[in-house]
Amino acid sequence: MVRIHDTLSGHDVGLHPLAGPNGPVTFYSCGPTVYDDAHIGNFRSFLNADILRRAIELTGVAVRHVMNITDVGHMTDDAQADGGGEDKMAVAGRRLAEAKKSGTLPAGATIDPNDPLAIADFYATRFLEDARLLGLKVAIEAERDPALMPRPTRWVPQMIAMVQGLVDRGHAYVARDGVVYFDVRSFPDYGKLSGNTLDALREGEGGRVSAENQASKRHPADFMLWKPDAKHLMKWDSPWGAGYPGWHLECSAMAAGLLGEQIDLHSGGEDNIFPHHECEIAQSRCCFGKPTFARLWFHTRHLVVEGQKMSKSKGNFFTARDLFAKGVTPAALRLELVRTHYRTNSNFTLQGLTDCQRMIDRWSRHAEALEASIAALRTSGNVALAVRHAAATPGPLESALASFTEALCDDLNVARAIAALNEALGQDHLNACPARELKALRRMDSVLDVLDRNRPVASKAADDLEAQVNALLARRTAARAAKDWAASDQVRDELAALGVQVKDGPTGTIWSRVVR
RNA sequence: GGCCGUGUACCCAAGUGGCCUAAGGGAACGGAUUGCAAAUCCGUGAUUCGUGGGUUCAAAUCCCACCACGGCCUCCA
């Protein structure tokens with residue numbers, strides 16, 4: 001059974017699915033807001049949720065995983081968080097319009113910068129591409145079942161129903177400015193998740209709430225549920241006038257609609273703890289009258305890049321696509337983002353990416369060697385050996401599977417799981433049954449999911465490079481055949497200048513890109 | 001000001017009272033191999049766990065103080 005640190009209770013708790021021991025576990029993850037490309041920090045959080053669901057599945061328990069794609073624009077003007085300010089979708093639209101003008105928009109992208117839904121779709125599509133390359137299982141499943149990745153713009157009626165329910169039950173009120181607010185003092189547990197108390201919350205400390213909005217609330221911590229604003233970029237009719245819903249509402253409504261009024265697991269980045277998840281708990285419990293909302297809260301810490309906070313101005317800001325374009329394989333990026341324990345800040349480095357790539361290459365070689373052994377055994381028709389294999393004691397990998405699983409069950413200790421795998425690979429496989437060893441390796445990879453993602457992402461630039469490299473390689477091979485080492489080495493220098501490294505092996509020369 | 005988390009070798013990173021004179025990976029170095037390389041395989045590698053105190057027979061692990069870094073305090077994963 002998987003044990004996980006629960007943010008709400010503050011300690012590790014076993015996962016006991018509401019539906020019974022075999023699940024399915026109902027799991028809701030806060031996903032991206034699609035007004036820009038997701039960066040590696042976003043993906044650390046999403047991929048850790050993915051590792052968690054795969055670890056649960058490894059123990060034989062089914063998971064129903066839902067991740068939202070937020071397509072409503074939120075305010076950019078943080079000083080006016082409760083309304084007003086410019087919508088992020090509108091800003092994204094301007095950015096796209098400029099990109100279109102300067103020709104930096106990706107080929108084939110025909111998009112109306114004034115249509116917020118089109119902008120959201122544009123970035124949602126790109127997000128799904130990245131997510132699928134990185135092995136985010138829910139994104140792969142959503143190809144067949146789009147409901148698993150819901151969009152809030154299609155759930156506004158359910159959100160309005162929740163606002164109405166909260167007003168009816170006396171947990172929400174219409175202020176004199178017409179805005180519907182949640183009354184935090186009507187919910188004594190408000191603050192339990194984040195450890196905040198209502199009196200200790202410094203009013204407006206985040207600098208995001210205007211004094212004007214604060215003045216109309218009964219308590220400074222009351223948060224917006226519905227904002228009437230007929231001029232807003234995206235608006236819907238409601239009993240409180242045309243406007244838009246509070247941002248916390250979408251997750252409450254979609255989790256309830258797709259998974260139930262109480263769920264087993266809820267995940268997000270550490271910044272979601274307050275206010276977002278705190279508010280979700282308040283809304284869901286007060287609206288549905290259930291004793292809990294999510295039974296276990298899973299939060300991933302942020303990452304830093306080369307020891308520094310990631311920011312565009314420092315030039316250490318990476319999206320997944322940036323790295324793919326440099327020739328980084330999805331497998332290496334995936335492993336680099338999940339190999340540090342989710343509850344500590346991880347330090348993303350290019351060196352770390354290289355380290356991961358080497359590890360994955362080693363695992364791949366072992367998988368290929370095992371496949372070769374199995375094939376050789378099949379063609380040789382050596383029945384006696386096959387029988388001996390079937391009866392053999394578990395090999396290193398088969399034995400490691402238990403400690404691998406145990407490490408993951410212990411609050412998702414990925415580093416220890418990887419160590420178990422690495423240790424097994426260093427041991428003697430000669431007497432082990434290759435089929436069973438491969439099966440164990442594949443089983444571990446069902447969580448890590450790197451073996452089938454260990455290829456650079458195809459692109460026009462990658463194709464061009466390949467053609468260039470192949471031409472140089474042909475010259476070098478000819479020079480080597482003629483034992484003209486000077487010419488051969490000169491070509492190797494040229495390849496190095498292109499960021500390409502060559503390896504001469506018994507079956508010919510292979511090459512790979514060096515990530516810089 | 002309140003709440004939360006982190007600090008382990010050159011780098012990433014596990015370990016949270018005795019099995020730790022600290023796992024695993026990478027780099028580096030030595031060897032095998034190679035036209036030379038790269039890759040691969042084998043080997044070496046922290047008497048020490050941010051700093052200073054304390055508790056204990058015993059501390060990286062518990063307590064206190066300090067320093068540094070990260071997150072939240074109403075729309076950043």
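First the proteins, then the strands, lettered A, B, ... as listed; each starts at 1. If you're wondering where the values come from, they're calculated on a predicted model, not measured in any experiment.
At B:G15, one or more side-chain N or O atoms of A:Asn413 fall inside 4.0 Å of OP1 or OP2 (strictly under the cut-off).
With ring centers used as reference points, A:His266 lies under 6.0 Å from A:Phe293.
Taking atom P on both nucleotides, B:C29 is separated from B:C10 by 16 Å, rounded to a whole Å. Comparing the same atom, C1', in B:G5 and in B:A46 gives a spacing of 26 Å after rounding to whole Å. For B:U48 and B:U61, the C1' atoms lie 14 Å apart once the distance is rounded to whole Å. Across the C1' atoms, B:C20 and B:C11 are found 22 Å apart, a figure rounded to whole Å. Comparing the C1' positions of B:A32 and B:A38 gives an interatomic distance of 15 Å, to the nearest angstrom. Nucleotides B:A68 and B:U51 are separated by 15 Å at their P atoms, to the nearest Å. Separation of the P atoms belonging to B:A23 and B:C49 is 15 Å when rounded to the nearest angstrom. Using atom C1' as the reference point in both B:A27 and B:A65, the two lie 37 Å apart (nearest Å).
Classification of A:Asp449 and A:Arg453 as a salt-bridged pair holds, one side-chain N sitting under 4.0 Å from a carboxylate O. For A:Asp229 and A:Lys235, the salt-bridge test fails: no basic side-chain N is under 4.0 Å from an acidic carboxylate O. In summary, A:Asp355 and A:Arg358 do not engage in a salt bridge, as defined by a charged side-chain N under 4.0 Å from a carboxylate O. Comment: A:Asp71 does not engage A:Arg154 in a salt bridge, judged by the lack of any side-chain N to carboxylate O separation of less than 4.0 angstrom.
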Exercise. Step by step, would you call A:Leu136 with A:Phe127 a side-chain contact (heavy atoms from CB on, under 4.5 Å)?
Worked result: CA-CA 11 Å; A:Leu136 191 70; A:Phe127 171 75; 4.3 Å; yes
For this session: Check the pair A:Leu166, A:Phe182 against side-chain contact (heavy atoms from CB on, under 4.5 Å), reporting the backbone distance first and the verdict last.
Result: CA-CA 8 Å; A:Leu166 289 166; A:Phe182 185 91; 4.0 Å; yes
For this session: Evaluate the criterion side-chain hydrogen bond (donor to acceptor under 3.5 Å, both in side chains) for residue pair A:Ser186 and A:His171; output intermediate values, then yes/no.
Result: CA-CA 6 Å; A:Ser186 74; A:His171 288 290; 2.7 Å; yes
For this session: Check the pair A:Thr319, A:Phe43 against side-chain contact (heavy atoms from CB on, under 4.5 Å), reporting the backbone distance first and the verdict last.
Result: CA-CA 9 Å; A:Thr319 64; A:Phe43 275 114; over 6 Å; no
I'd like a list of close polar pairs between nucleotides 60-63 of chain B and the protein, N/O only, cut-off under 3.5 Å.
none

Check the interface with nucleotides 34-37 of chain B: list each N/O to N/O pair with the protein under 3.5 Å, or write none.
residue, atom, partner, partner atom, Å
B:G35, O6, A:Arg480, NE, 3.4
B:G35, O6, A:Ser488, OG, 3.2
B:G35, N1, A:Asp489, OD1, 3.0
B:G35, N2, A:Asp489, OD2, 2.8
B:C36, O2, A:Arg492, NH2, 2.6
B:C36, N3, A:Arg492, NH1, 2.9
B:C36, N4, A:Asp504, OD2, 3.3
B:A37, N6, A:Asp504, O, 3.2
B:A37, N1, A:Asp504, N, 3.1
B:A37, N1, A:Asp504, OD2, 3.2
B:A37, N3, A:Arg492, NH1, 3.2

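More than 12 heavy atoms of other residues, nucleotides or ligands shown are found within 6.0 angstrom of CG on A:Asp428.
Nucleotides of RNA chain B nearest to A:His366 and A:His341 differ in position, and the one nearer the 5' end is that of A:His341. In this structure, A:Pro275 and A:Leu303 both approach RNA chain B, and ranking their closest nucleotides by distance from the 5' end singles out A:Pro275.
The CG atom of A:Leu296 sits 9.5 Å away from atom NE2 of A:His5, with the distance rounded to the nearest 0.5 Å. Summarising the geometry, atom CZ belonging to A:Arg476 is positioned 10.0 Å from atom CG belonging to A:Asp493; distances are rounded to the nearest 0.5 Å.
Atom pair A:Gln427:CD and B:C42:P shows a separation of 12 Å (rounding to whole Å applied). Protein atom CZ of A:Phe43 is 18 Å distant from nucleotide atom P of B:C76, rounded to whole Å. Taking atom CZ of residue A:Phe46 and atom P of nucleotide B:C76, one finds them 13 Å apart after rounding to whole Å. Between the CG atom of A:Asp493 and the C1' atom of B:A38 there is a distance of 13 Å, rounded to whole Å. Residue A:Glu406 contributes atom CD, which lies 13 Å from atom P of B:G15 at whole-angstrom precision. Note: NE2 (A:His277) to C1' (B:C73) measures 16 Å, nearest angstrom.
Heavy-atom minimum distance, A:Leu333 versus A:Leu353: CA-CD1, 3.8 Å.
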For this session: Scan nucleotides 3-9 of chain B nucleotide by nucleotide, 5' to 3', and note B when protein non-hydrogen atoms come under 4.0 Å of the base, S if they reach only the sugar-phosphate, - if neither.
Result: SBBS---
Exercise. Taking protein heavy atoms under 4.0 Å as touching, what does nucleotides 24-32 of chain B look like 5' to 3' if B marks base contact, S marks sugar-phosphate-only contact and - marks none?
Worked result: SBSS-----
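Counting non-hydrogen atoms under 4.0 angstrom, A:Lys309 reaches the backbone sugars and phosphates but no base. Within 4.0 Å of A:His39, counting heavy atoms only, lies at least one base atom of the nucleic acid. Looking at heavy-atom distances under 4.0 Å, A:Ile510 makes no contact with the nucleic acid at all. Using a 4.0 Å heavy-atom cutoff across all strands shown, A:Gly268 reaches sugar-phosphate atoms only and no base atom.
For B:G71, the base is not stacked against the aromatic ring of A:His302, per a cut-off of 5.5 Å between centres and 30° between planes.
Of the nucleotides present, B:G5 is the one that pairs with B:C69 by Watson-Crick or G-U wobble criteria, both distances under 3.5 Å. For B:A77, there is no paired nucleotide, since no Watson-Crick or G-U wobble pair has both relevant distances below 3.5 Å. Across all strands shown, B:G54 is found opposite B:C62 as a Watson-Crick or G-U wobble partner, with both distances under 3.5 Å.
Listed by chain and residue number, A:Asp6 satisfy the side-chain hydrogen bond (donor to acceptor under 3.5 Å, both in side chains) test with A:Ser9 (two or more places apart in sequence, or in another chain). For the ring pair (Phe, Tyr, Trp, His ring centres under 6.0 Å) test, residues two or more places apart in sequence or in another chain that qualify with A:His276 are A:Trp247, A:His248.
In this structure, A:Arg218 forms a cation-pi arrangement with A:Tyr173, its terminal cationic atom sitting closer than 6.0 Å to the ring centre and no more than 45° off the ring axis.
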